[in-house]
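Atoms considered below: every heavy atom in the structure, side chains included; atoms not considered: hydrogens, waters and symmetry mates. Numbers restart at 1 for each chain; the letters A, B, ... are given by sequence-line order, proteins then strands.
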Amino acid sequence: DAGVTQSPTHLIKTRGQQVTLRCSPKSGHDTVSWYQQALGQGPQFIFQYYEEEERQRGNFPDRFSGHQFPNYSSELNVNALLLGDSALYLCASSSETSGTIAQETQYFGPGTRLLVL
Amino acid sequence: AQSVTQLGSHVSVSEGALVLLRCNYSSSVPPYLFWYVQYPNQGLQLLLKYTTGATLVKGINGFEAEFKKSETSFHLTKPSAHMSDAAEYFCAVSNFSGGYNKLIFGAGTRLAVHP
């Protein structure tokens with residue numbers, strides 16, 4: 001059973017560019033959340049997708065956007081990259097059918113490490 | 001608003017010694033609490049979680065944590081450290097805001113194990 005997968009593993013971009021990161025959830029999961037982990041910090045919630053809709057968003061600017069596809073995979077897009085966007089971007093998947101929403105365990109992928117120069 | 005505080009950004013223990021990683025939370029509703037481990041250049045792996053019921057929770061790799069409501073704590077322990085336990089550990093609380101689940105993480109504790 002494949003876990004959460006993310007691509008690419010590493011990425012180098014320059015300021016002002018745009019980037020797209022991809023995530024495939026764990027088999028049977030329908031909800032995808034994205035987190036940003038800056039160096040030396042804990043992950044920060046960016047947003048969550050369910051049924052192809054963004055349903056919750058953290059304190060991130062509109063430069064951060066996403067998409068969820070019918071097969072539940074997801075993309076994270078970041079426009080007009082800033083140096084401060086350099087971080088590890090983590091995707092987590094979960095399922096709403098396993099119990100109450102808050103009890104769902106989120107399973108994390110290995111992350112995409114983005115470096116903005 | 002919910003928050004998590006992990007006391008000690010770095011903890012160093014000898015192999016075979018007790019591991020104690022501290023986590024305190026703030027929550028206006030009954031919290032669901034998690035510990036995740038992150039090995040170098042990897043994503044997060046769930047160690048254990050508390051939702052309801054028994055307050056002492058056992059996880060993988062010999063770790064356990066006890067939910068203490070009166071102390072708003074969820075400390076992670078392991079009786080005997082192994083070299084392979086060296087990693088970063090994150091405590092997280094589940095946020096119900098809007099009825100949807102998101103995790104709020106602490107800043108992490110880096111555990112070093114020396115011979």
Does any non-hydrogen side-chain atom of Phe90(B) lie less than 4.5 Å from one of Gln37(A)? yes
Transitively linked via ILVMFWY side-chain contacts under 4.5 Å: Tyr39(B) with Leu76(B)? yes
Can you see which heavy atom on Leu90(A) is nearest to which on Gly43(B), and at what distance? CD2-CA, 4.1 Å
Any side-chain heavy atom of Leu103(B) within less than 4.5 Å of one from Phe108(A)? yes
Within a radius of less than 6.0 Å around CG of Asn41(B), do more than 12 heavy atoms belonging to other residues, nucleotides or ligands occur? no
Tyr35(A) and Phe105(B) aromatic centres sub-6.0 Å: yes
Cut-off 3.5 Å, side chains only: do Ser33(A) and Lys102(B) have a donor facing an acceptor? no
Report, as yes or no, whether the 6.0 Å neighbourhood of atom CG on Asn71(A) holds more than 12 heavy atoms from other residues, nucleotides or ligands. yes
Gln6(A) versus chain B, the contacting section by heavy-atom distance below 4.5 Å: neither
Are Leu47(B) and Val19(B) linked, directly or through intermediate hydrophobic residues, by side-chain heavy-atom contacts shorter than 4.5 Å (ILVMFWY only)? yes
Can you tell me which portion of Leu46(B) sits under 4.5 Å from chain A's heavy atoms? Options are side chain, backbone, both or neither. side chain
Which one of Gln106(A), Arg113(A), Gln44(A) has the most heavy-atom pairs closer than 4.5 Å to chain B? Gln106(A)
Closest approach of Gln42(B) and Leu88(A), non-hydrogen atoms and distance? O-CD2, 4.4 Å
Should Tyr50(B) and Val37(B) be counted in the same cluster of Ile, Leu, Val, Met, Phe, Trp and Tyr side chains packed under 4.5 Å apart? yes
Counting only heavy atoms not in Arg22(B) (residues, nucleotides, ligands), do more than 12 fall under 6.0 Å from its CZ? no
With hydrophobic residues grouped by side-chain heavy-atom distances under 4.5 Å, do Leu39(A) and Tyr89(A) end up in a single group? no
With a 4.5 angstrom heavy-atom cut-off, which part of Gln38(B) approaches chain A: side chain, backbone, both or neither? side chain
